[in-house]
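In what follows, a single structure is set out as C-alpha cells and then discussed.
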Amino acid sequence: MVTINNVGNLQSPSAVSLQQENGKLSTPGEAQGQFASSLKNAIDTLNNYQVESDKKTQALANGEIDDLHDVMITAQKASITLNTAVEMQRKAIDAYNEVMRMQV
C-alpha cells in the first residue's frame, strides 16, 4: 500500500540538498542532474499513485474487494498528487516566462 508521505517527493529540492559533502555548491551540470533526478522521482511517484488507484478501482468493479473507503482514499490521494503536479507545472512555466521577459 502506498502512503501519502511520498507526496513530499513532488517538492522542489532545497538549497542544502544542492550542496556537496565538501560544502561547495554543485556545478550547473550536477544541479541539472539532481533536478532531473528529482523530477523523475516525482513523476514516478505520481504514476505509482495513479496505477494503484486504477488497480483498486478495477478490483472493486470486478467484486474482488469490498472496501469502498480504501478505494476512495486511494483515488483521492492520486487526485491530490496529480493536482499538485499540475500546479507545479504551471508555476514552472510562469517562472520560465518571467525569466524570458527579463532584459539582459
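Any value given below was found using the heavy atoms of this structure, including those in side chains, with hydrogens, waters and symmetry copies removed. Heads up: numbering here begins at 1 and tracks the sequence. As the structure is a computational prediction, the values presented were derived from the model and not from experiment.
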Passing option when Val51 is tested against Asp54, Asn47, Asn48 for side chain to side chain contact (heavy atoms under 4.5 Å, CB included): Asn47
For Asp70, is there any backbone N or O sitting under 3.5 Å from a side-chain donor or acceptor partner on Thr74? yes
The reported gap from CG in Leu82 to NZ in Lys77 (rounded to nearest 0.5 angstrom) is 16.0 Å
Are Leu60 and Met72 joined in one hydrophobic group, where the rule is that I, L, V, M, F, W and Y side chains link up if heavy atoms are under 4.5 Å apart? yes
Donor-acceptor pair, distance only, cut-off 3.5 Å: does the side chain of Thr45 make one with the backbone of Asn41? yes
Thinking salt bridges, do Glu98 and Arg101 make one under a 4.0 Å N-O criterion? yes
Nearest 0.5 angstrom please: Gln76 CD to Asn83 CG, how far? 8.5 Å
Is Phe35 reachable from Ile43 through a run of hydrophobic residues whose side-chain heavy atoms are each under 4.5 Å from the next? yes
First locate atom OG of Ser37, then atom CD of Gln34, and finally report the distance between them rounded to the nearest 0.5 Å. 8.0 Å
For residues 85-94, please give each side-chain donor-acceptor pair under 3.5 Å, one per line with the distance, not counting sequence neighbours.
unit_1, atom_1, unit_2, atom_2, d
Glu87, OE2, Arg90, NH1, 2.7

Who else is in the cluster with Tyr96 when I, L, V, M, F, W and Y are joined by side-chain contacts under 4.5 Å? Met100
dist Thr57:OG1 -> Asn62:CG (nearest 0.5 Å) comes out at 11.0 Å
So does Asp66 have more than 12 non-hydrogen atoms from other groups sitting under 6.0 Å from CG? no
Any side-chain heavy-atom pair of Val71 and Ile65 under 4.5 Å: yes
Do you know the tightest heavy-atom contact between Ser53 and Ala78? CB-CB, 3.9 Å
